[in-house]
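Scroll down for the structure; my scribbles are underneath it.
To find a chain, count down the sequence lines: A is the first, B the second, and so on, and within it residues start at 1.
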There are 2 protein chains.
Amino acid sequence: MTIQDVARRAGVSTATVSRALALPDQVTDATRQSVMSAIRETGYTPNAAARSLRAKSTKMVLVLLPGIGNSFFTPVLNALEEVFSEGGYGVLIGYTRQNRSRETHYARVIRAGQVDGVLVVTGNVPRDEEFVAVPATVPMSLMFSELPGTAQFSVFDVANRTASATMVRYLIEQGHRRIACIPGAEGSLESDERLAGYQEALSAAGLPIDPDLIWRGASNFDFISGERAAARYFALAEKPTAVFAAADEIALGFMRALKNHGIRIPEDVSVVGFDDTEYAVHYDPALTTMRQPRTEMGRLAARDLLRRMEAKGEAVPTSHVRLPCELVIRESVRPLV
Amino acid sequence: MTIQDVARRAGVSTATVSRALALPDQVTDATRQSVMSAIRETGYTPNAAARSLRAKSTKMVLVLLPGIGNSFFTPVLNALEEVFSEGGYGVLIGYTRQNRSRETHYARVIRAGQVDGVLVVTGNVPRDEEFVAVPATVPMSLMFSELPGTAQFSVFDVANRTASATMVRYLIEQGHRRIACIPGAEGSLESDERLAGYQEALSAAGLPIDPDLIWRGASNFDFISGERAAARYFALAEKPTAVFAAADEIALGFMRALKNHGIRIPEDVSVVGFDDTEYAVHYDPALTTMRQPRTEMGRLAARDLLRRMEAKGEAVPTSHVRLPCELVIRESVRPLV
DNA sequence: ATGAAAGCGCTAACAA
DNA sequence: TTGTTAGCGCTTTCAT
């Protein structure tokens, strides 16, 4: 069923059918009626490839995720799909898996004109040379990461440093003085920022920064990193009274490892996380953490990209948004005062 | 940069460029060389829309998910993306949200020829009339659900009933006699099957099926359903010694609610789940559950669809696969013998 | 082995 | 307001 069939059936030209669909006011009521009924009778749906070829727009967005099976991104993806599909755009999903060849693959997808925009949702922006040229081709945005000195894309991130400082300050207010930190994925921006926030809060309170209490070396923000950090805890002669984990999963892994050795939380040691994933509230003890507004970030980023994709020709200024996080107090911190 | 530019630069026709790319053996080494270097110099990438229009194939797959922010599907989606992109197919993602209008939207995407295949990953197959016609257009498969009497699509599911029976039998072997069941989302196939497995195991052991111990009425396989079931537990005069939850999240929600009231697990009551999501092993106590082979299911389903999409013309028989689950014994069951 | 040419289905000038 | 027509970029007969 092509536009030809509809045109024949309605007794008009293909151009009129096209107009009846795209610019209904440029067509008389009568013809629009007959075109519409012809469409209904034939069950016609415009062919996407033909339309794309002609219109030079595919109405599709590429969403690039790291893809380490991380459920942190589930609500983000949900929000993105919601806003994009509402705006008439399809969501093409790509997992880079920190893998060069997969990045190249998706760079090619973009160059093939398969998408009208790109959203990179990850701490690691593809290093592929081919990606350098992308922003010139189609609008591209970043989520949960930043790239210094690149004004050509919008970025949506949270105030990691401020949030971490707030969290550690809360711990201090609760009377904690010896506070450890598990900063998460070594070398990532989030990790650096959250560690900086931790140090900032300690310094502001006149507390020393003890290298023995900074448990580096994690390759990810996952359970296993928390379990590994537990070994550092046990090795310590003078234990901290509180631990700030840079992600909920790290906190959960850490707590589980401690509990295996009979350590009680928060009676023996307080633990806090970062993210506020779905499981934080259901754990025992329910985890005190910083809520990242994942759904809201997704919506904002999607709407911004939508606007920039629709702006045929004229340049829309890029957005640089840093959302605050929210301290969610639950049960995993014991007041020392 | 179009195929024209490359052709001019290499001093050949566009047809030759096309052949050099698609059928390299039909071209002399010399011409292929010059075409390739022309491609490199120009940075040419074939336009996807033009290719699709001509070839009547988009090299894209639509993956339809329920989209209730459920991280159960994270590894599934991961596996799907891996296999499809390896096979040269892009993954277009769609969340139906049990919403009629969104189903219609995606039915239209399919009819527009935007995808070469469809994978419905959900217990609820779209009811939209427009979907009835889909399997005739492009191959379509089902995951984690079945539709009786439909041989035209492949289906990949787990043996829910058998797995549940195995789980309950395990509980019985551990000496439990009074076993409750939280069957999960009312009216879903998974729920029905898992409940049936529970009843089957009880009957086989000569144990009575007590309606007071079947805590129906959940609208989903989520935490809240577990919390609600806890009320049923507390209301009961004669408590069960073990509870079979039809999903890990239900089990976690249930355990958390019990612990809030000072009930210890497994000392006071044993709890088991179903799924083996990432969090099951990190909970305290680590949850005894049935592992669903989510990644493997994703791979199998993707490969099957790939095969059927590639089979230009000739009919490939559909697959009907039911994978077994694996009992994972951890800490949430107390032996009574 | 290569080229010429038709055409996939649609949209948008331009004409009428 | 409507129709005619060109052409988006590619693949694929059919000739040569």
Atom-to-atom span, [atom1] of [X] to [atom2] of [N] - whole angstrom:
{"X": "A:Q26", "N": "D:dT2", "atom1": "CD", "atom2": "P", "answer": "10 Å"}
{"X": "A:D25", "N": "D:dT2", "atom1": "CG", "atom2": "P", "answer": "12 Å"}
{"X": "B:I39", "N": "D:dC10", "atom1": "CD1", "atom2": "C1'", "answer": "13 Å"}
{"X": "B:L23", "N": "D:dT13", "atom1": "CG", "atom2": "P", "answer": "11 Å"}
{"X": "B:D29", "N": "C:dA1", "atom1": "CG", "atom2": "P", "answer": "11 Å"}
{"X": "B:Q114", "N": "C:dG9", "atom1": "CD", "atom2": "C1'", "answer": "14 Å"}
{"X": "B:M1", "N": "D:dC8", "atom1": "CE", "atom2": "P", "answer": "15 Å"}
{"X": "A:Q4", "N": "C:dG7", "atom1": "CD", "atom2": "P", "answer": "12 Å"}

Among [options], which is the nearest nucleotide to the side chain of [X]?
{"X": "B:R54", "options": "D:dT12, C:dC10, C:dG3", "value": "D:dT12"}
{"X": "A:R51", "options": "C:dT11, C:dG9, C:dT2", "value": "C:dT11"}
{"X": "B:L53", "options": "C:dG9, C:dT2, D:dT2", "value": "C:dG9"}
{"X": "B:I3", "options": "D:dT2, D:dC10, C:dT2", "value": "D:dC10"}
{"X": "A:S13", "options": "C:dG9, D:dT11, D:dG3", "value": "D:dG3"}
{"X": "A:T14", "options": "C:dG9, D:dT11, C:dT11", "value": "C:dT11"}

Under 4.0 Å: is that the gap between some side-chain N or O of [X] and OP1 or OP2 of [N]?
{"X": "B:S18", "N": "D:dT11", "value": "yes"}
{"X": "B:K56", "N": "D:dT11", "value": "no"}
{"X": "A:T28", "N": "D:dT1", "value": "no"}

Inset, instruction - Determine, for A:R9 against A:D5, whether the closest basic-nitrogen to carboxylate-oxygen distance falls under 4.0 angstrom. - result: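 Result for this pair is no, no salt bridge flagged.
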Legend entry - Side-chain-base donor-acceptor pair under 3.5 Å for B:R19 and C:dG3: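 Flag set: donor-acceptor pair detected.
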Inset, instruction - Please figure out whether B:A55 or B:V27 has its closest DNA chain C nucleotide nearer the 5' end. - result: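 Comparing both residues, the 5'-ward one is B:V27.
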Inset, instruction - Answer yes if the side chains of A:R97 and B:N78 hold a donor-acceptor pair under 3.5 Å, and no otherwise. - result: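 A:R97 vs B:N78: donor-acceptor pair found between side chains.
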Inset, instruction - Please work out if A:S52 contacts a base, only the sugar-phosphate, or nothing of the nucleic acid, heavy-atom cut-off 4.0 Å. - result: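 Nothing, no nucleic acid heavy atom in range.
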Inset, instruction - Pick base, sugar-phosphate or nothing for A:A15, based on heavy-atom distances below 4.0 Å to the nucleic acid. - result: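 Base contact.
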Legend entry - A:F221 ring center near A:F72 ring center (under 6.0 Å):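 No; A:F72 has its ring centre 6.0 Å or more from that of A:F221.
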Inset, instruction - Considering non-hydrogen atoms only, spot the tightest contact between B:E81 and B:V91 and give its length. - result: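 Minimum heavy-atom separation between B:E81 and B:V91: CA-CG2, 3.9 Å.
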Legend entry - Non-hydrogen atoms of A:E310 and A:Y89 that approach each other most closely: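 Minimum heavy-atom contact is OE1-OH, 2.7 Å.
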Legend entry - B:D116 (side chain) donor-acceptor with B:K59 (main chain) under 3.5 angstrom: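 Looks like yes, one N/O pair under 3.5 Å.
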